[in-house]
Each structure stands twice: as structure tokens, then as C-alpha cells.
Amino acid sequence: MKVEVELISKQVIKPSSPTPNHLRHYKLSLLDQLTPQLNNSMVYFYAHESMSITDDPSNHLKKSLSQALSYYYPLAGRHVDNTFVECNDEGVPYLEAKVSYCKLNDVLENPIPSEVSKLLPFAMDEIVDTLLGVQLNVFDCGGIAIGICMSHKIGDALSFFGFIQSWTTIARGEARDHEGIKTRFISATLFPPRDMSWYDPNKIIPKDENIVSKRFVFDATVIDALKAKYEDMMALQKTPSRVEVLSTFIWTRFMATTQVASKGHRSYVVAHTVNLRSRMDPPLPAYAFGNYYRAATMFPLLDYKGECCDLVRNLRVEIKKIDNDYILKLQEGIEYLNSLREDFKRLAKNEEKEIVPFTFTALCRFPVYDADFGWGKPTWVGPPAWKVKNVAIFIDTKLGGGIEAYISMTEEDMVEFQNDKELLAHISK
């Protein structure tokens, strides 16, 4: 289903109260500096029949957004270089659009990431100096879709969902006298910024103009069967998680369908993002705002049958290394950055083989469906197409314990991957 969006209006929403002078210079942390300038993006769909609110949805959103920005004051500022945010209360773009020749159910019956992207204020890989953007899309049927983008430069996925939770709490009228809103902006204190003039985080993203993004749904029964298979095959002492087995399966099928054409000239590296909050001593709360993540990386191998023998085991080993000692070195900064420089030098010398990364990000168990603005929880929530090569995003299905996997790769690789018989035998029709 093609989505046709007509922009109706564009406004700028400012905080309901001014940011105090002592908070107007928000320093980026080292982890913010290391993060590429992408946009965490989601679109929230609400069916007309499920909406009980009588007030105009747009006014309701704008008023509550203005109040939320007073708590999340950096989001209403402007990003300056790779060092700080000027918290000048300039506000965030708020767009209103009409979706023509299409009902909300038409989109939900077969969500296409590239079409979902049209419902956002800007693209996920678009570099902008604004840190937040909102687009309200109204369908002919009366349903709405709220597209929200937050700069990854200032916060990770958990920060994004934390902001959404606070905004919706305010929208429901449950944040009187500051109750129900918890924020903590201390990332630059915990991970002091450094001179990063030698480092361009945007260049580490394996972009390609010829990227396609597809959605694949794996039912809970399929994931359970994969658990049993890999647990037996790898003789694991601990049952693998849903994320571990699905990562193993997807990477295995990717490698099996793409390595033939490479003729052995590819070297594969798998990365899995890890939340640092719970790994710190003392641990940080989930609402701590910023980029509190790193990537565990590994170089897995296939056996002669084309099955992955060590991905789960290696993944566990590498994630275990991201402990408090690792975080202390990261906070100190110098040793970590020296190691990063050496990694870049080694990659530059490796000219014989193409280094092919594949990155997994799991948003499972995140509060994706908690976005109740006062008219009920969303009918469905989905991300846009990622214009980044070899990325898989995992999101829980709304019901049933399954996982939606959003996978991006080159068009050439996707043709082979999506037609793989083993993959087709496992995905929901």
C-alpha cells in the first residue's frame, strides 16, 4: 500500500516554561560524541474507534509536548558541533499532515518500512540541528499516526522511550506537581567529553544508496523451536534467550545467502548493542537520559553444514566483558580512545578482505506500546526504513510473544536473503 502524505501545516513548539540560565549549556558526553548523528524514530498508530478523547488531538499533543519540553529542556535546543547543545528554547518542529487515498488499516495489514518513513518529520539518517521532531498524520478514516524523531546524538533508544512515557503521562494529566516525571541528565559527568576532532562518528556507519528495509515476523512457537535446536546443537548450559536465537538464525541465513557471491573475500563481524545502565556500580535507573550503550562485537564462524556453532556462546562472552571495570576505563577515556584508534588503523591495513559488519539492536521488553496520550494505547508501533547497511532491529509483537525483525541490507543481498527457503519456513505468513 502506497502512502501519500500532504503536509498541511508546520509549527514550532516551545517549552511551557523557560530553561534556567544555569542549564542552557548542555555538554555532550564521550558516549554522545562517539554516536553517529542518526535519529531514533517511531510511528505510533491509533485507530479512530479506539480513541475516546473528545478534545482536538492536535491541540492535546501540542499542549502536552510543550509541558514535556520543560522537563526535557535539551530537546528544545540546538546541537552545536560534536560538543554541546545550546538549550535556547527555540523549540521543536511540529508538522501536521493528511494521508490521502489510504486508511489506517491499509497500512497495518502489511506495514512497509519505506512507506512508514513518510509519516515522520525527517528521515532517520537526515542530519539536522534540531533534536526532536513530531508529525501528526490524519487518515481519511479518522485514525492517526504520530511520527516522532529524536536525535541519537543526545540519547539512545531507552532515552527515547523514557521521553515518550513522560510526555504521555503529562498528556493523561497524571504529572501534577512534577509527580510521575523522572529525568536525570548526568551523562557528561559520568563520561566526560574529550577532544574528538580526529573522529567522525558518521563515517563509521556502513551506508549505501541502494539499501532496502523489510519486516519479518517470527511467532513465539518458531522462536521456541529455534531455542531447542540451538540449545541442543551448542550444548549450552543455559537456555538461549529469544534475542540470542533470533540473532543466530538471521545472521546464519544472511551469511549463507551472501557468502557465495563474495568468493571468500569477506570477513564478517557481528555487533550487539548493550545497555550500560544496569552494568554500572551503582546501576543507573532506566530513565537516566543519554547514550548509555556500547557494542559487543564478535567474529563468529560457520560449521560445514552452514550452521552457526558459536554465535550465542561468543555473544555471551563478549557481553560479559562489558562489566564495571570496562565502564571505569570508558569513563577514564584515554585507554578506550587509544584502543579505538588502533582498531581504525588495523581496519585500514586490512585491504585483502571486505569487512562486513552486521549489527543487532534489541528493543524487546522496552515500553514500546505504553504510549497512551489519553485515548488508549497504540494499535501498532513501527520504525521506519533504516538506510544503514546490515542492521536488524528487534521489537516485541504487541501480542503473542513473537518478535518483529526489521532488517536492512543492500538490495542485491536482500533479494537472496528474503528468498532463502530456510528463512521462509520460519517467518509468519
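Keep in mind it's a predicted model, so treat the numbers as computed, not measured.
- Atom NE2 of residue H152 and atom CG of residue D125 lie 13.5 Å apart, to the nearest 0.5 angstrom.
- We find the CZ-OG1 distance between F249 and T252 to be 8.0 Å, quoted to the nearest 0.5 Å.
- A salt bridge links D396 with R242; the closest basic N to acidic carboxylate O contact falls under 4.0 Å.
- Considering all non-hydrogen atoms of both residues, P193 and L28 come closest at CB-O, 3.2 Å.
- Side chains of M150 and N39 form no contact here, defined as non-hydrogen atoms less than 4.5 Å apart.
- Remark: K98 does not engage E6 in a salt bridge, criterion side-chain N to carboxylate O under 4.0 Å.
- To the nearest 0.5 Å, atom OG of residue S64 and atom CH2 of residue W167 are 6.0 Å apart.
- Closest approach of V368 and L363 over heavy atoms only: CG2-O, 4.2 Å.
- With respect to D372 and K377, no salt bridge is recorded, no charged nitrogen being found less than 4.0 Å from a carboxylate O.
- At a threshold of 4.0 Å, the pair E244-R316 counts as salt-bridged, since one of the basic side-chain nitrogens sits closer than that to a carboxylate oxygen.
- Considering all non-hydrogen atoms of both residues, L120 and I148 come closest at CD2-N, 3.5 Å.
- Of the inter-residue distances, the one linking Q33 atom CD with K27 atom NZ reads 10.5 Å to the nearest 0.5 angstrom.
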